[in-house]
Enquirer: 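My questions will all concern the structure given below.
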Amino acid sequence: MTAALQLNDKGDLQRFLAEHYEKELLRLVVVGSVDDGKSTLIGRLLYECNGLFEDQVAAVKRASAGEEIDFSLFTDGLRAEREQGITIDVAYRYFSTRRRKVIVADTPGHIQYTRNMATGASTADAAVILVDARLGILPQTRRHAYIASLLGIPYLAVSINKMDLMDFDPAVYERLSKEFDAFASTLGFEQVRYFPISARGGDNITQPSARTPWHDGETLLGWLESLPHQRRLDGAPFRFPVQYVLRPNLDYRGFAGQIASGTVRVGDEVVVFPSKRRTHIAAIDTFDGSLGEASAPSSVTLRLADEVDVSRGDLIAHVEKAPVALQYLEAMLVWFGEERLDTSRRYLVKHTSKYVPAHVEQVLWRKDLEALSEVPAESLSLNDIGKVRLVCKRPLICDPYTENRKTGAFIVVDPLTNDTVAAGMILGAAGQEGDQEAQSLISAEERRARLGQSGAVILLAGTPEVRTLAPRLERALFDQGRHVVTVQGDAENALALAEAGLLAILYTPVPQARQGLRDQLRGAGVPWLELEPTHELERQVKQILDAQENRP
């Protein structure tokens with residue numbers, strides 16, 4: 001580091017590490033419009049808090065075009081960022097102060113990269129938004145502040161930057177503070193604090209500035225250190241999305257994942273969703289051994305007292321504080337996709353460790369960030385923020401976002417391109433019981449008895465030869481007495497046919513579509529089998545029939 005640590009013996013080192021471990025952690029995001037000075041501010045914080053190595057400082061000094069250090073180069077590491085003088089991707093940096101550790105995200109200001117900004121802010125405990133004293137409050141400033149409030153960030157520091165270019169005029173600071181305060185007062189932040197700063201000169205960042213005698217003297221770093229402890233989820237209800245089932249031998253069956261919120265102890269009574277089967281925690285295993293209890297965000301393996309059917313995507317929770325199962329829900333969406341939201345299309349919702357097919361039934365309104373009004377809308381475009389009614393193929397086991405950021409958030413994925421097209425925050429249930437889809441009165445057992453087979457999807461994807469292989473495979477299975485049909489590239493239709501008891505051969509020659517189809521099938525709860533596209537029809541037919549025979 002730029003400031004050497006004087007550790008005389010092993011005891012000093014262990015004491016230093018223990019003190020460092022006990023420091024409170026703050027996750028910070030720095031947001032604002034293009035060229036407001038976000039990267040320069042973060043670079044200054046890193047430099048003055050000894051968060052840089054000597055070779056990093058030397059390299060930036062060589063790269064700086066002049067005698068002064070260009071602090072933005074400490075975070076803008078991409079060649080394209082340095083050429084254009086803007087931030088393109090989210091950069092995460094780390095520094096520590098006397099009483100806390102800080103993970104800071106430098107986010108892009110350009111409207112084209114608003115999706116990157118939302119990503120960087122999604123885990124933050126506090127935000128710093130920069131305002132260029134020369135340009136004032138810009139539309140992108142409003143957009144970033146609104147997204148920060150939407151993501152549940154409680155503490156906001158408004159830093160009026162480049163005050164040195166305005167001769168530290170207090171009238172400029174007062175005017176911009178009042179203008180932003182009128183906007184921010186409607187956003188629901190717990191605390192908003194204003195600072196007149198110069199990121200290049202270091203005024204009021206880590207040390208009070210003599211050039212602002214009219215300011216109360218509090219610095220940005222002092223404010224960060226004074227904030228309450230990071231919002232822990234220890235006191236929140238226990239939520240454990242299952243990521244993987246461990247079965248190394250016949251005597252061990254564990255469910256691995258990361259605790260999303262809360263605390264679990266051996267002996268606790270829990271319920272598994274969506275089956276709602278109750279059991280108890282028999283053991284909490286980690287790489288270092290078994291634990292008596294574990295809290296978020298620990299990654300552990302849970303063993304249950306009873307043989308309960310649990311698979312990836314299921315969620316384990318305490319019985320007395322169970323989540324809700326929502327199939328029809330209202331949510332806020334921040335749209336990331338280049339293509340507009342299409343309410344006639346099917347998308348994939350990635351919620352905790354589970355993919356669920358879904359569609360946006362209706363856009364209720366879009367947010368006008370200039371007037372902070374809700375305007376009617378039929379769709380959402382890139383960087384739009386709106387409230388939607390979402391209908392999922394199967395219920396999401398969730399909580400409202402305001403109560404739990406982990407189980408209340410989701411992303412929307414385009415199954416054709418596998419692109420993330422939106423980030424969502426669950427508000428609550430939507431619709432009445434009369435609006436629910438009609439449920440079939442014919443059970444899977446009745447269909448199996450009538451057809452003599454179980455429904456399933458056979459996936460063939462990734463090579464041009466599937467165009468001829470799929471019809472030949474359909475013919476071969478039909479000759480074996482099976483009820484079979486071929487579907488091109490539409491997982492929803494294939495799943496509907498499988499639920500009706502048919503064998504649906506789903507094929508696409510597009511390699512990029514393979515993963516999206518897998519995700520849809522994996523999250524559907526319908527039996528499916530992926531075959532490699534070969535011409536060995538006899539072997540493939542046997543593989544399908546064997547799978548049918550072994551299926552209950």
Enquirer: Looking only at non-hydrogen atoms, find the nearest pair between Gln453 and Leu502 and report the distance.
Expert: NE2-CA, 3.7 Å

Enquirer: Within the structure provided, determine whether Glu190 and Tyr155 are in side-chain contact (heavy-atom separation under 4.5 Å).
Expert: yes

Enquirer: Given side chains that start at C-beta, do those of Phe336 and Val334 come closer than 4.5 Å, heavy atoms only?
Expert: yes

Enquirer: Determine, step by step, whether Trp528 and Leu495 satisfy the side chain to side chain contact (heavy atoms under 4.5 Å, CB included) criterion, reporting the C-alpha distance in whole Å, the side-chain angles of both residues, the deciding distance to 0.1 Å, and the verdict.
Expert: CA-CA 9 Å; Trp528 66 284; Leu495 288 169; over 6 Å; no

Enquirer: Tell me whether Asp414 is salt-bridged to Arg345, with the criterion being a basic N under 4.0 Å from an acidic carboxylate O.
Expert: yes

Enquirer: Which distance, rounded to the nearest 0.5 Å, do you find between the CG of Leu348 and the CZ of Arg346?
Expert: 11.0 Å

Enquirer: Could Arg303 and Asp285 be called an ion pair, given the rule that one side-chain N must be under 4.0 Å from one carboxylate O?
Expert: yes

Enquirer: Does Thr286 use its side chain to pair, donor to acceptor, with the backbone of Val300 at less than 3.5 Å?
Expert: no

Enquirer: CG of Asp309: more than 12 outside heavy atoms within 6.0 angstrom?
Expert: no

Enquirer: How close do Ala256 and Phe240 get, counting heavy atoms only, and between which atoms?
Expert: C-CZ, 3.8 Å

Enquirer: Please evaluate residues Tyr401 and Leu151 with respect to the criterion side chain to side chain contact (heavy atoms under 4.5 Å, CB included), reporting the C-alpha separation (whole Å), side-chain torsions for both, the decisive distance (0.1 Å), and the verdict.
Expert: CA-CA 8 Å; Tyr401 185 81; Leu151 292 171; 3.9 Å; yes

Enquirer: Taking side chain as C-beta onward, heavy atoms only, is Leu220 less than 4.5 Å from Leu41?
Expert: yes

Enquirer: Using a 3.5 Å distance criterion without hydrogens, assess whether the side chain of Asp306 forms a donor-acceptor pair with backbone atoms of Val308.
Expert: no

Enquirer: Contact between Met332 and Lys367 at the side-chain level, heavy atoms closer than 4.5 Å - yes or no?
Expert: no

Enquirer: Please report the C-alpha distance between Trp335 and Val421 in whole Å, then the side-chain angles of each, then the deciding distance to 0.1 Å, and finally whether the side chain to side chain contact (heavy atoms under 4.5 Å, CB included) criterion is met.
Expert: CA-CA 6 Å; Trp335 193 255; Val421 295; 3.7 Å; yes

Enquirer: Return yes if some donor-acceptor pair links the side-chain N/O of Gln258 with the main-chain N/O of Pro297 below 3.5 Å, else return no.
Expert: yes

Enquirer: Do you know which two heavy atoms are closest between Leu156 and Phe189, and how far apart they sit?
Expert: CD2-CE1, 3.8 Å

Enquirer: Nearest 0.5 Å, please: how far is OG1 in Thr97 from CG in Leu45?
Expert: 10.5 Å

Enquirer: Counting only heavy atoms from other residues, nucleotides and ligands, does the tally under 6.0 Å from OH of Tyr252 exceed 12?
Expert: yes

Enquirer: Write down the atom of Leu517, the atom of Ala491, and the distance for their closest heavy-atom approach.
Expert: CD2-CB, 3.8 Å

Enquirer: Does Arg239 come within less than 4.0 Å of Asp399, counting only side-chain N to carboxylate O?
Expert: yes

Enquirer: Taking side chain as C-beta onward, heavy atoms only, is Phe255 less than 4.5 Å from Val272?
Expert: no

Enquirer: How are the rings of Phe238 and His318 set relative to one another: parallel (under 30°), tilted (30 to 60°) or perpendicular (over 60°)?
Expert: tilted

Enquirer: Using a cut-off of 6.0 Å, state whether more than 12 heavy atoms not belonging to Gln191 lie near its atom CD.
Expert: yes

Enquirer: Please examine the side chains of Val363 and Leu333, heavy atoms only from C-beta on, and report whether any two atoms are closer than 4.5 Å.
Expert: no

Enquirer: Can you check side chain to side chain contact (heavy atoms under 4.5 Å, CB included) on Arg312 and Val245, steps first, answer last?
Expert: CA-CA 7 Å; Arg312 175 180 170 84; Val245 180; 5.9 Å; no

Enquirer: Mind checking whether Val102 and Ser96 have side chains closer than 4.5 Å, heavy atoms only?
Expert: no

Enquirer: Under the 3.5 angstrom rule, does the side chain of Asp314 hit a backbone N or O of Ser311 as a donor-acceptor pair?
Expert: yes

Enquirer: Are the side chain of Ser353 and the backbone N or O of Val242 linked by a donor-acceptor pair below 3.5 Å?
Expert: yes

Enquirer: For the pair Lys276 (side chain) and Arg278 (backbone), establish whether a donor and an acceptor sit closer than 3.5 Å, ignoring hydrogens and angles.
Expert: no

Enquirer: Does CZ in Arg247 sit with more than 12 non-hydrogen atoms of other residues, nucleotides or ligands closer than 6.0 Å?
Expert: yes

Enquirer: Hey, does Phe287 have a side-chain heavy atom less than 4.5 Å from the side chain of Thr301?
Expert: no

Enquirer: Measuring from Glu330:CD to Met425:CE, what's the distance to the nearest 0.5 Å?
Expert: 14.0 Å

Enquirer: How many angstroms lie between CG in Leu459 and CD in Glu532, if you round to the nearest 0.5 Å?
Expert: 9.5 Å

Enquirer: Kindly compute the distance separating CD (Glu530) from CG (Leu506), expressed to the nearest 0.5 Å.
Expert: 10.0 Å

Enquirer: Of the non-hydrogen atoms in His280 and Gly267, which two are nearest, and what is the gap between them?
Expert: CD2-O, 3.3 Å

Enquirer: Grab the two heavy atoms, one from His351 and one from Thr407, that are nearest each other, plus how far apart they are.
Expert: NE2-O, 2.8 Å

Enquirer: Say you draw a straight line from CG of Leu224 to CG of Asp125; how long is it, rounded to the nearest 0.5 Å?
Expert: 11.0 Å

